[in-house]
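All values below were derived from every heavy atom in this structure, side-chain atoms included, with hydrogens, water molecules and symmetry-related copies excluded. This structure is a prediction, so every number in the text was calculated from the model and none was measured. Both ligands and their constituent atoms are indexed starting at 1 by order of listing.
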Amino acid sequence: MALFTFRLLPLVCTASIAIYVLSRFMHFETKSTGALTYSITFIIYLLYWLYIYPYHLSPLRHVPTVPGCPLWGHVFEIFNAEIGAVQQKWHKTHGPIVRYFYPFGKEILSVVDNSALKHILVEASYNYEKTASNRKFLSRLFGEGILTAGGKVHAQQRKALNPAFSISAIKALAPAFWDYSCSMSSYWEQDIKESSDDSVSLDISDWASRATLDIIVAVGFGAKIDTLHNSTAPLIEAFRTVFRFDAVAKLLAVLHILFPIVRYLPIKENREVDAAKRTLFEFASGLIQEKEANINSTGNNILSQLVRGDRKPQAAGEDIFSRVICDQIATFLGVGQDTSATWLSWTLHLLSKHQHMQVKLREEIRSHFPFLFRGATHEKIDFTEVDVDRLPYLNNVCRESLRFIPPIPFVSREAARDERLGEYFIPKGTVIHIPINTIHRMPEYWGPNSNAFDPDRWNCLPASYTNNAFLPFTQGPRGCIGRKFADTEVKTILCCLLSKFQFSPDPAVQDPEELKRYRIVQKSQYGIRLKVSKLDG
Ligand code: HEM
């Protein structure tokens with residue numbers, strides 16, 4: 001809409017001047033001259049931006065284009081289908097770089113081409129920043145943290161945070177990951193004990209969200225909130241609001257693209273999101289005050305790195321200012337919690353659907369960590385013996401789950417300067433969509449069984465596979481800093497849960513895969529509910 005206003009404005013000004021000149025000096029009747037001039041202006045506007053510019057003048061006119069009317073573009077088609085589904089169709093027909101339209105002729109490129117992806121994400125990643133609308137959307141929820149920063153500021157923040165995400169720093173978190181996994185499983189054991197049946201139906205995604213929130217707050221910020229115990233704590237309620245999908249949220253997401261002003265409307269949805277954001281930021285500022293009071297100079301968690309980065313100006317002369325620490329905390333709570341929870345929940349769902357894989361994985365866990373099956377509690381585990389990276393089938397299942405249902409199925413970028421992608425000139429400001437979900441299912445990269453959930457594919461990838469075919473965390477300087485964190489966290493929780501419980505689909509609910517929805521992360525509309533029973537022995 002901003003584009004609409006911006007493009008229309010010069011034309012309306014010119015038309016107004018023409019009306020003034022015609023009626024003042026040529027003595028035309030103002031009313032009818034005005035009506036006629038504005039009508040002609042509007043028709044010229046439509047003709048120019050919806051036909052002449054996109055098909056005859058735009059520098060992107062040579063890019064294969066999805067047929068359709070640029071007036072409303074392809075936005076309804078996209079929003080009515082599962083994320084990535086229409087892009088799959090388009091790329092099959094028109095090739096690995098295609099142009100399509102958002103309303104009012106706004107051009108978008110969808111890119112699945114291997115070298116173009118490498119260029120955008122790795123080789124020239126700072127020439128392709130997050131889009132303005134994406135930054136606005138994310139900063140509305142999580143403030144101005146590393147997720148929305150660009151260029152030098154981003155590089156600086158990333159450098160300051162890297163120590164908290166080194167392999168050794170993540171390994172040191174293993175006891176905490178086990179602690180929360182064991183704690184969640186003891187709540188489940190209690191639920192099963194109290195049930196009249198030998199199994200209970202659990203909302204796995206809600207439990208996973210609470211466990212991963214407790215974990216990030218504990219290991220990232222040295223605090224305790226215990227949402228595993230208190231399922232209605234304000235912080236978890238705030239996240240439920242932020243990640244909620246319902247008809248209104250979906251409608252607002254579409255309207256937001258057309259009219260960004262909807263975010264300021266005094267409606268219930270906006271008020272609830274604002275209240276959720278306030279809860280998040282009050283929590284973050286409480287953490288900072290606590291940290292400032294007892295700063296631990298040797299700490300290596302996320303908050304220590306943020307506070308230390310704030311106090312010590314970096315070599316390039318730029319500081320991570322105190323006022324952004326709050327935003328950084330909110331960002332990490334936002335991106336470090338629901339993503340891992342979603343990965344964990346979809347993996348358990350897929351294992352419940354593919355029982356033989358669940359059995360095979362459990363046997364692998366048993367052979368590496370037999371003590372887990374003998375009912376070892378957290379206190380009795382020797383963490384030097386437990387390295388979840390040593391389990392090849394676990395690794396395959398986890399990667400395949402990320403490929404099959406990536407928690408973040410889509411990212412976007414905007415060219416920060418004139419660029420080239422292969423044979424195409426890409427003018428500054430071009431918006432590029434990277435449909436991760438589509439890329440993960442392309443037979444051109446994955447072979448003919450790309451649509452099957454098959455962990456064994458990772459033992460023998462086809463020659464056509466490349467690093468850019470698997471982008472759950474994207475890659476390059478803007479790729480996920482928490483990749484290793486999430487990997488160790490999810491594998492640990494899986495080992496703990498699979499050593500104690502058997503998972504199967506709940507026949508009382510619809511298959512969660514049929515209800516996939518996307519809002520920041522890709523979840524199932526009503527959560528993932530599974531039947532959970534205690535393992536024999
Ligand atoms: C399954 C779990 C996760 C997935 C699938 C995931 C995925 C991603 C993706 C795709 C991006 C890039 C977004 C973009 O380019 O627009 C990203 C960025 C990021 N992720 Fe993750 N993430 C996960 C877990 C985590 C965790 C556990 C943390 C922190 C503890 C984390 C912290 C971040 C941060 C800070 C960024 C921004 C990086 C930057 O811009 O430099 N993520 N993540």
N/O to N/O below 3.5 Å, does that happen between Arg413 and ligand 1? yes
Go through His91 and Ser110 one step at a time and tell me if the side chain to side chain donor-acceptor pair (under 3.5 Å) criterion holds. CA-CA 8 Å; His91 285 294; Ser110 178; 2.7 Å; yes
Please confirm whether Phe404 and Phe453 have ring centers closer than 6.0 angstrom. yes
Does any donor atom in the side chain of Gln475 or Asn468 lie under 3.5 Å from an acceptor atom in the other side chain? yes
Give me the nearest non-hydrogen protein atom to atom 12 (C) of ligand 1 as residue plus atom name, then the distance to 0.1 Å. Thr474 OG1, 3.7 Å
Side chain to side chain contact (heavy atoms under 4.5 Å, CB included) partner of Leu117, the single match among Asn467, Val122, Ile434: Ile434
Just heavy atoms, cut-off under 4.0 Å: does Lys130 contact ligand 1 by side chain, backbone, both, or neither? side chain
Which of the numbered atoms in ligand 1 are below 4.0 angstrom from a heavy atom of Phe332? 29 (C), 35 (C)
Any side-chain donor near an acceptor of the partner, Ser181 and Asp179, under 3.5 Å: no
Looking at Ile216, which atoms of ligand 1 are within less than 4.0 Å of one of its heavy atoms? 30 (C)
Residue part near ligand 1, for Phe473, under 4.0 Å between non-hydrogen atoms: both
For atom 19 (C) of ligand 1, closest protein heavy-atom neighbour: Cys480 CA, 3.7 Å
Quick one: are the ring centres of Phe485 and Phe332 less than 6.0 Å apart? no
In ligand 1, the atoms that come under 4.0 Å of a heavy atom of Ala486 are 2 (C), 24 (C), 27 (C)
Ligand 1 atoms in contact with Ile146 (distance to a heavy atom under 4.0 Å): 35 (C), 40 (O), 41 (O)
Ligand 1 atoms in contact with His154 (distance to a heavy atom under 4.0 Å): 39 (C), 40 (O), 41 (O)
Under a 4.0 angstrom heavy-atom cut-off, which atoms of ligand 1 come close to Trp343? 1 (C)
Measure from the ring center of Tyr393 to the ring center of Trp458 and say whether it is less than 6.0 Å. no
Given Asp338 and Thr212, is the side chain to side chain donor-acceptor pair (under 3.5 Å) satisfied, shown in steps? CA-CA 7 Å; Asp338 224 41; Thr212 53; 5.8 Å; no
Have Gln157 and Gln328 got a donor and an acceptor in their side chains that come within less than 3.5 Å? yes
Mind checking whether Pro472 contacts ligand 1 via backbone (N, CA, C, O), side chain (CB onward), both or neither, at a 4.0 Å heavy-atom cut-off? backbone
For the rings on Phe410 and His433, is their centre-to-centre separation under 6.0 Å? yes
Please determine if Arg158 has a nitrogen or oxygen closer than 3.5 Å to a nitrogen or oxygen of ligand 1. yes
Which residue is it: Leu351, Ile528, Leu402? I am looking for the one with a side chain to side chain contact (heavy atoms under 4.5 Å, CB included) to Trp346. Ile528
Which residue owns the protein heavy atom closest to atom 37 (C) of ligand 1, what's the atom, and how far is it? Leu147 CD1, 3.5 Å
For atom 32 (C) of ligand 1, what is the nearest protein heavy atom, given as residue, atom name and distance? Val335 CG2, 3.4 Å
For atom 28 (C) of ligand 1, state which one of Ser125, Gly479, Gly336 supplies the nearest heavy atom. Gly336
Relative to the heavy atoms of Val411, which atoms of ligand 1 are at a distance of less than 4.0 Å? 13 (C), 14 (C), 15 (O), 16 (O)
Between His349 and Phe503, does the ring centroid distance fall short of 6.0 Å? no
Looking only at protein heavy atoms, what sits closest to atom 24 (C) of ligand 1 is Thr339 OG1, 3.3 Å
Mind checking whether Arg478 has an N or O less than 3.5 Å away from an N or O of ligand 1? yes
